[in-house]
Amino acid sequence: MTDRYAVIGRPISHTKSPLIHGLYAEATGQDIAYGAIEGSLDHFADDVRGFRDEGGRGMNITAPFKMQAFELADSRSARATLAKASNCLKFENGKIFAENYDGIGLLRDIQSNLKTPLAGRRLLILGAGGAVRGAILPFLEAGPAQVVVVNRDVTKAQALAIEVNNPLLTVLGYDDLAGQTFDVVVNATSASLMGECPPIHGDVFKDVQLAYELAYGKGLTPFLRLARESGVKAIADGVGMLVEQAAEAFEWWRGVRPDTRPVIDRLTVPLV
Ligand code: ATR
């Protein structure tokens, strides 16, 4: 029997998840159907339970429902708990299990696809919102020399640091970045969605080998342009992260790991 999955978000028309999971199913011979659901702002939990009650086996969750998905779950992973958000649910034995694969997907893209191991490296993360909450534990587990989180609202970053409680993690304001050097910079703010650049100076890219933009499909964002103009050789957007988090979800649901390379190649848009 065909097992059903879906991504839920609002809006949802832009989603690439049905394409990605369709390609994974084809490549691995899994008999699944994967759809897209526009969730209702007032009845998100009903939408999820309704899908499950009609035989759904799991869901991907995208904006603005990741926190609600986390809250309605019966059981949550440590990653989802720190993020207070879930991007992936599994329905099993009448229970809802919540995961958060965004951070692992990002790490896999940086370390495996972009061949930039983070062990011993100095890492700068811009932002302290949901995206950073989802990524911070996998980043720290990669064994970096230092992780600096910088945010306009420094108190938000400080609150995250207190929760994470790891000596490798330092919190700064944008004004404190002068004179600091890094190996990898990740823009995990939502600035690019509004065509804006976080308030960083090009000097911060002096030693940077990789500048990574979490947003995808936006071409050369102001952040990536600044990085390139400041001499960074490797720049990347979040398409690989999207494909990798989907692979994590697929493996969690189906027990088989799909090959991500062909899907990344298919979805990658040149950064111009
Ligand atoms: P997400 O789930 O995408 O992380 P979020 O939780 O709303 O979204 O967080 C947005 C993040 O982008 C925040 O860190 C925000 O900074 P503040 O907390 O200081 O507001 C950051 N952000 C948004 N626009 C920005 C901009 N133009 N420059 C710098 N940071 C920005």
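Everything numeric in this text was worked out from a predicted model, so none of it was measured. For ligands, and for the atoms within them, numbers begin at 1 and follow the listed sequence.
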Identify which one of Ile12, Thr15, Ile8, Asn87 satisfies the side-chain contact (heavy atoms from CB on, under 4.5 Å) criterion when paired with Thr62.
-> Ile12

In terms of residue, atom name and distance, what is the protein heavy atom nearest to atom 27 (N) of ligand 1?
-> Glu196 OE1, 2.7 Å

Atoms in ligand 1 flagged as close to Ala131, the criterion being non-hydrogen separation under 4.0 Å | 1 (P), 2 (O), 4 (O)

Look at atom 30 (N) of ligand 1 and say whether a protein heavy atom is found at less than 4.0 angstrom from it.
-> yes

among protein heavy atoms, the one nearest atom 26 (C) of ligand 1 is Arg152 NH1, 3.3 Å

Is there a nitrogen or oxygen of Gly130 sitting under 3.5 Å from a nitrogen or oxygen of ligand 1?
-> yes

Here the gap from Asn165 atom CG to Leu160 atom CG, rounded to the nearest 0.5 Å, amounts to 11.5 Å

In plain terms, say whether Glu248 and Arg79 are close enough for a salt bridge, that is, a side-chain N and a carboxylate O under 4.0 Å apart.
-> no

Atoms of ligand 1 less than 4.0 Å from Asp153 heavy atoms?
-> 18 (O), 19 (O)

Nearest protein heavy atom to atom 9 (O) of ligand 1, by residue and atom, and its distance?
-> Gly129 CA, 3.4 Å

Please work out which of the three classes, parallel, tilted or perpendicular, describes the rings of Tyr5 and Tyr34, given edges at 30° and 60°.
-> parallel

Residue and atom name of the nearest protein heavy atom (relative to atom 10 (C) of ligand 1), distance in Å to one decimal | Ser190 OG, 3.4 Å

Taking everything shown except Arg57 itself, do over 12 heavy atoms lie less than 6.0 Å from its CZ?
-> no

Please report the C-alpha distance between Glu99 and Lys66 in whole Å, then the side-chain angles of each, then the deciding distance to 0.1 Å, and finally whether the salt bridge (charged side-chain N to carboxylate O under 4.0 Å, His left out) criterion is met.
-> CA-CA 10 Å; Glu99 254 295 358; Lys66 289 183 185 183; over 6 Å; no

Enumerate the atoms of ligand 1 whose separation from the nearest heavy atom of Pro198 is less than 4.0 angstrom.
-> 28 (N), 29 (C)

Could you see which bit of Lys156 sits under 4.0 Å from ligand 1, with heavy atoms only: side chain, backbone, both or neither?
-> side chain

Checking Arg152 against Tyr174: charged group under 6.0 Å from the ring centre and within 45 degrees of the axis?
-> no

Which ligand 1 atoms are under 4.0 Å away from a heavy-atom of Gly127?
-> 14 (O)

Of all the heavy atoms in Pro199, does at least one lie under 4.0 Å from an atom in ligand 1?
-> yes

Taking NZ, NE, NH1 and NH2 as the nitrogens, is one of them in Lys90 or Glu251 under 4.0 Å from a carboxylate oxygen of the other?
-> no

Is a salt bridge present between Arg133 and Glu163, judged by a nitrogen-to-oxygen distance below 4.0 Å?
-> yes

Residue and atom name of the nearest protein heavy atom (relative to atom 17 (P) of ligand 1), distance in Å to one decimal = Asn151 ND2, 3.5 Å

Could you tell me how the ring of Tyr101 sits relative to the ring of Trp252: parallel (under 30°), tilted (30 to 60°) or perpendicular (over 60°)?
-> perpendicular

Between Ala128 and ligand 1, does any nitrogen or oxygen pair lie at a separation below 3.5 Å?
-> yes

Thr189, any N or O under 3.5 Å of ligand 1 N or O = no

